[in-house]
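One structure is given here, and the rest of the page talks about it.
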Amino acid sequence: MKIGVFDSGLGGLVITKAFVEHLPEYDYVYYGDTKNLPYGEKTSEQVLAYTIEAIKFLIKQNCGLIIIACNTATSIALRYLQQKFIPSYAPDVKVLGVVIPTVEEALEDNAKRIGILATQATVNSHIYQQELLKLNPNLDVFEIASPELVPAIENNDFATAYKFAEQYAKRFDNINSLILGCTHYPLIKTKLREVCKDGIKIVSQDELMGKKLADYLNRHIEIDICLSRNKEIKVLVSHNNDHYKEVAKSLFPNISIEEVLTDA
Ligand code: DGL
């Protein structure tokens, strides 16, 4: 069985890269639902439907452990998938998200005031606020949606992404840590670090998910022993485009990207 990774687009590729760097011996299938992005602007029903389709697709690709490398899909679909869908559809498959590992990481430095920059749908779900406050009810949490960033990053319009990054950074002036609650934002993290006030720790998922997955596999030997180790990486998308190819090539130089139809 392989490790499946899913996102709407480029963000999940960055997280796949982090997994491969930490755990290079495993086999990975990355699926990006580029045809339907941005998820952050879709309804919960749409995101749930896209996510279920993607999970079914990755299961068909022989993935036994699937990481939803998308905060939006995690916030809307993960609980349903874990509690309802997977137990009847594929009880041996494990599906994980990105929110809990990120919250754990953000709390490691004893921050008291934490900002969240995320898609509109993730902010609407308040998943970060809820999970942070569960672990520390005394925190102050500030959530801001940044709907312009994913489309700008996907369209290779970094001038626009940087302009908005600067505007959002100004609104987080009194926090200790800023969680980048969208897997696309690691692609502009250098800019965000530059424009955020000195001393604010930027929690970026590409820097934490690799070690969190390694730690998970150490704690779940029963899953680890089922995973194949041939160093194969597949990158599949529902709609290919030149910018996507370019970024994918820069992250995985020897890999070709395949456009696929997910519906069976
Ligand atoms: N990268 C995804 C996330 O982490 C979402 C991007 C989108 O809006 O499609 O939320």
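Atoms within each ligand, like the ligands themselves, are counted from 1 in listed order.
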Tabulate distances under 3.5 Å between N/O atoms of ligand 1 and N/O atoms of the protein, writing both atom names on each line.
| residue | atom | partner | partner atom | Å |
| --- | --- | --- | --- | --- |
| ligand 1 | 1 (N) | D7 | OD1 | 3.1 |
| ligand 1 | 1 (N) | D7 | OD2 | 3.4 |
| ligand 1 | 1 (N) | T183 | OG1 | 2.8 |
| ligand 1 | 1 (N) | H184 | ND1 | 2.8 |
| ligand 1 | 4 (O) | N71 | N | 2.8 |
| ligand 1 | 4 (O) | N71 | ND2 | 3.0 |
| ligand 1 | 4 (O) | T183 | N | 2.8 |
| ligand 1 | 4 (O) | T183 | OG1 | 3.2 |
| ligand 1 | 8 (O) | Y39 | N | 3.1 |
| ligand 1 | 8 (O) | G40 | N | 2.8 |
| ligand 1 | 9 (O) | S8 | OG | 2.7 |
| ligand 1 | 9 (O) | Y39 | N | 2.6 |
| ligand 1 | 10 (O) | N71 | N | 3.3 |
| ligand 1 | 10 (O) | T72 | N | 3.0 |
| ligand 1 | 10 (O) | T72 | OG1 | 2.6 |

Item to complete: Any chance you could lay out the side chain to side chain contact (heavy atoms under 4.5 Å, CB included) test for V123 and I144, step after step, and finish with the verdict?
Response: CA-CA 7 Å; V123 166; I144 295 182; 5.9 Å; no
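- When only modelled atom types and interatomic distance are considered, T119 and T122 share a side-chain donor-acceptor pair under 3.5 Å.
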Show me the side-chain donor-acceptor pairs of residues 160-171 shorter than 3.5 Å, one per line, residues at least two apart or across chains.
| residue | atom | partner | partner atom | Å |
| --- | --- | --- | --- | --- |
| T160 | OG1 | D157 | OD1 | 3.1 |
| T160 | OG1 | D157 | OD2 | 2.6 |
| Y168 | OH | A145 | O | 3.4 |
| Y168 | OH | E148 | OE1 | 2.5 |
| Y168 | OH | E148 | OE2 | 3.3 |

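- Using a 30° and 60° split on the angle between ring planes, H243 and F158 fall in the perpendicular class, above 60°.
- Looking at K112 and D140, no side-chain N of the basic residue comes within less than 4.0 Å of a carboxylate O on the acidic one, giving no salt bridge.
- The line from CG of L10 to OG1 of T34 is 8.5 Å long, rounded to the nearest 0.5 Å.
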